[in-house]
Every structure is written in structure tokens, then in C-alpha cells.
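Here is the structure we will look at.
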Amino acid sequence: MKVGFIGVGNMGGPMCRNIIRNTNHDVVVFDLNPAAISACTDLGASAGTSVAQVASTCDVVFTSLPMPRNVEEVALGAGGIADSVKPGMVYIDLSTNSPATARRVNEGMRAKGIQMLEAPVSGGVPRATDGTIVIMVGGDAAAFDAQLPLLKSFSGEVVHVGEIGMGSVAKLVNNMLAFCNAAAAAEALMIGAMAGIDLHKLQQVISNASGNSSAFRNISDKAFKREFQASFALNLAHKDLRLALELADELGVPGMIAPQVMNLMRIARAKGMGDDDSSSVIRVYEQALGREVRP
Ligand code: NAD
């Protein structure tokens, strides 16, 4: 089978490389960044020349793209996937979108006879790299069953959560929770730093106590090592939380916590941290207090 992969950045890159390593499929990659393409062709993929060329030659096409507008453009725009389809092709979007975007793209694909699965992922670059990423899939159950072996080739946990749109719901709800955990962890660590506790000891305690979370471990590790180069860009996290808040608004669910976290992200972006890692929210506290959270 021929598998196309469009968008091989921080997340798409390692997921694509696991397909190359773990299957016998021919993989064709396309990205606007030549270095991202090389990191996959070095492992045996071939370089596509355009979205249209990938879509017209592959049986399954993945996208992993930053913003919903990038997905709509690549999927439905002029020279996009729907324009260039090979009959019987399946389209799988791994990006984080709103449920409304996923449904709209699905309608555009269906009009061209293309089956679509939305398959947002969670676990960040480390789990995309070691092949344990979680995939939450929305779409037709038979299409899901047919693509399960391919999805399992780069994931530790693939869950069919319902019809198109429900994958995005699961993803936005998960990320809202993770960002709230991260903001709470930043605030807690700042209190610890100001109190003068040994931060390694505090991390050891919390990692084994009731305050633990993957967000806590991630933000404490990054702050202690001063590693704020984007593994998951703040701009992408801000997009996810904005979509989650829009979904909450559509459903009439009040926000007590997430809007506060949104403001924290807005301040971090206003300070020029948008292209840095999303863990940079802790630097808003650090700058306010003139002290870094590091042992
Ligand atoms: P990224 O910016 O590192 O990678 C995106 C890639 O898409 C880049 O290499 C870029 O050059 C390419 N691209 C953009 N527009 C394109 C186009 N028109 N045609 C071809 N290539 C194009 O972003 P990422 O962190 O890999 O995130 C990708 C998606 O995964 C986003 O929707 C994000 O919200 C989601 N996500 C990210 C993480 C994470 O930890 N980074 C975790 C879960 C989900």
C-alpha cells in the first residue's frame, strides 16, 4: 500500500517515521520545510512534490498540520487533497481541530467520494517518537476497523470514540484538562521556589503524591532544565484552548478555570513566547516575581 504523509513537523515527523520503520508500506512525504522531509526520506520515504501529487498517488493520506485553516486549505483548497483524489483513497487527519472543522472537511471529502477519519493524538513528541501515542478516532466504524492496523503501527492506544467530530471533542476536552493542570503546576512550583524548598525534593514528593500529573512532570522538567524550545508550541496550545472554550460556549458550559488559563496563555504570548514551548506559561510567574523556578 502507498501511504502519504503531509506535515512532518514535531508530531507528524516521528509518527511518519514509525510507519516507515514498522510497516512495509511505501511512504511519500510532503512538507513546506525541506529539513522535515529529509528526516523522513533518510529512513526510506520518498519526497512528494506537492499535496496534489501525494493525494493522486496514495491509497491513504495523513495530515498533521498546525491550524484548522491549514487543514482546510490542504484538504479542500485548490490543488488540495479533495481536488486530486485517487479513487478509493482514505484521508486521516491527525491534527487538532474543532469538531465543526472536522465535520466540514468530512463533508467536502464525502462529496468527492473520499472516506475520512479524524484522528487527533495525545502524548506529545516523546510518545509520538516511542510509538505509544494515544489516537482518538472519529468516523465510520468500518473505515476505522480497516485502518486500525496502520494506526496501530505508530500508536500504543487507538480508541474509536464515535462519529466524525467526536475525536475532536475528546482531544479538546483532554487538552483543556492538561493545560489547567500545567497552569496549576506552574503556580504551585512558583510557591515552592519562593518558599525556598529544594525543588528536586518537591518534584520527587509531588511525582509520588496526590498532586501528580503528566503536565506537572513535563513543566517541572522543562523549567528545571530551562528547556523552552517548542516541542508543543504555545501558539498551538492557545489554539487548542480557544477551540475548547468555543465548544464550551456552544454548549452553554460555564468556565471557572479554563478562561483563567487562557488569560495566562495570552500574557505569555504578549510577552513574545508564542513560538516557544507551551510550558513557557511558568515564565509569566517567573518574570512577575523576578525568580526562576530552577533548583
Ligand atoms: P509543527 O509546526 O511542528 O508541524 C507542522 C508541520 O506542517 C510543519 O513542518 C510545517 O512546515 C507543515 N506545514 C504547514 N502548512 C503546510 C502545508 N500547507 N503543506 C505542507 N506542510 C505544511 O506542529 P506540530 O507540533 O507537529 O503539530 C501538528 C498538529 O498536531 C497540530 O494540530 C497540533 O495542535 C497537534 N498536536 C501537537 C502536539 C505536540 O506536542 N506538538 C501534541 C498533540 C497534537
Side-chain angles (χ1 to χ4, degrees), residues 4-18 28-41 45 47-55 61-81 83-84 92-99 101-102 105 118-130 132-137 154-155 157 167-168 170-179 182 214-215 218-219 221-222 227-244 265 274-280:
F5 212 116
I6 299 168
V8 282
N10 281 337
M11 292 299 285
M15 291 192 283
C16 178
R17 289 190 281 281
N18 279 328
V28 188
V29 296
F30 180 69
D31 196 291
L32 301 179
N33 175 4
I37 293 181
S38 304
C40 298
T41 53
T49 52
S50 65
V51 170
Q53 186 260 335
V54 173
V61 174
F62 287 98
T63 48
S64 177
L65 297 164
M67 296 290 172
R69 66 173 177 277
N70 303 123
V71 173
E72 292 209 58
E73 182 193 314
V74 166
L76 303 179
I81 294 168
D83 248 8
S84 326
I92 305 178
D93 181 30
L94 302 161
S95 326
T96 306
N97 293 311
S98 68
T101 301
V105 174
E118 50 149 9
V121 301
S122 181
V125 173
R127 292 180 64 186
T129 304
D130 69 16
T132 63
I133 197 97
V134 179
I135 312 182
M136 45 216 101
V137 185
F154 61 95
S155 165
E157 183 80 16
S168 299
K171 174 64 182 165
L172 296 182
V173 168
N174 174 78
N175 277 25
M176 190 209 86
L177 183 58
F179 300 146
S214 63
N218 179 55
I219 205 165
D221 279 346
K222 295 228 163 98
E227 271 180 15
F228 294 112
Q229 191 195 347
S231 164
F232 179 27
L234 178 62
N235 281 338
L236 291 180
H238 170 266
K239 174 252 308 189
D240 292 359
L241 190 55
R242 179 174 54 74
L243 296 178
M265 287 187 180
D275 290 329
D276 297 341
D277 195 70
S278 56
S279 55
S280 294

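Just the heavy atoms: all of them, side chains too, but no hydrogens, waters or symmetry mates, feed the values below. Numbering of ligands and ligand atoms starts at 1, following listing order. None of these values were measured; they are calculated from a predicted model.
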Which part of K239 is near ligand 1, with near meaning a heavy atom under 4.0 Å away: side chain, backbone, both or neither?
side chain
Hey, does the side chain of D83 reach the backbone of A78 with a donor-acceptor pair shorter than 3.5 angstrom?
no
Interfacing atoms of ligand 1 (cut-off 4.0 Å, heavy-atom, S64)
5 (C), 7 (O), 28 (C), 29 (C)
What protein heavy atom sits nearest atom 15 (N) of ligand 1, and how far away is it?
L32 CD1, 3.7 Å
Would S122 count as a contact of ligand 1 if the rule is a heavy atom under 4.0 Å away?
no
Provide the number and element of each atom of ligand 1 under 4.0 Å from a heavy atom of G124.
40 (O)
Could you check which of G123, P66, P34, A35 puts a non-hydrogen atom nearest to atom 5 (C) of ligand 1?
P66
Test ring pair (Phe, Tyr, Trp, His ring centres under 6.0 Å) applied to F154 - qualifying residues, sequence neighbours left out
F62
Quick one about E118 and S168 (side-chain donor to acceptor, distance below 3.5 Å, no hydrogens or angles considered), yes or no?
yes
How about N33: does its CG atom have over 12 heavy atoms from other parts shown lying under 6.0 Å from it?
yes
Side chains of D277 and S279: is there a donor and an acceptor less than 3.5 Å apart?
yes
The answer for which part of K171 has a heavy atom under 4.0 Å from ligand 1 is side chain
Compare every heavy atom of S98 with every heavy atom of L243, then report the nearest pair and how far apart it is.
CD1-N, 3.6 Å
Could you tell me whether S231 approaches ligand 1 through its side chain, its backbone, both or neither, with non-hydrogen atoms closer than 4.0 Å?
backbone
Are T41 and S38 linked by a side-chain donor-acceptor pair shorter than 3.5 Å?
no
Nearest non-hydrogen protein atom to atom 40 (O) of ligand 1, with distance, is F232 CB, 3.2 Å
Quick one: look up the protein heavy atom nearest atom 43 (C) of ligand 1 and list residue, atom name and how far away it is.
V121 O, 3.4 Å
Protein heavy atom at shortest distance from atom 10 (C) of ligand 1
D31 OD1, 3.4 Å
State, with a plain yes or no, whether a side-chain heavy atom of P120 is found less than 4.5 Å away from one of V137.
no
Which of the ligand 1 atoms, numbered from 1, are nearer than 4.0 Å to a heavy atom of G7:
7 (O)
heavy-atom search around atom 42 (C) of ligand 1 in the protein gives M11 CE, 3.6 Å
Return the residue, atom name and 0.1 Å-rounded distance of the protein heavy atom closest to atom 4 (O) of ligand 1.
G9 CA, 3.4 Å
Under 4.0 Å, heavy-atom basis, I'd like to know which part of V74 is in contact with ligand 1: side chain, backbone, both or neither.
side chain
Which of the numbered atoms in ligand 1 are under 4.0 angstrom from any heavy atom belonging to S95?
32 (O)
Audit row: V74, I6, side-chain contact (heavy atoms from CB on, under 4.5 Å) steps and yes/no:
CA-CA 9 Å; V74 166; I6 299 168; 4.1 Å; yes
Side chains of D93 and T63: any donor to acceptor distance under 3.5 Å?
yes
Ligand 1 versus L236, non-hydrogen atoms closer than 4.0 Å: side chain, backbone, both, neither?
side chain
Return the option from L65, N175, N33 holding the heavy atom at the smallest distance from atom 29 (C) of ligand 1.
L65
Closest to atom 44 (C) of ligand 1 (judged by heavy-atom distance), picking from T96, V29, N10
T96
May I ask you to test the C16-V29 pair for a side-chain heavy-atom distance under 4.5 Å?
yes
With no hydrogens and no angle check, do the side chains of K239 and N235 hold a donor and an acceptor under 3.5 Å apart?
no
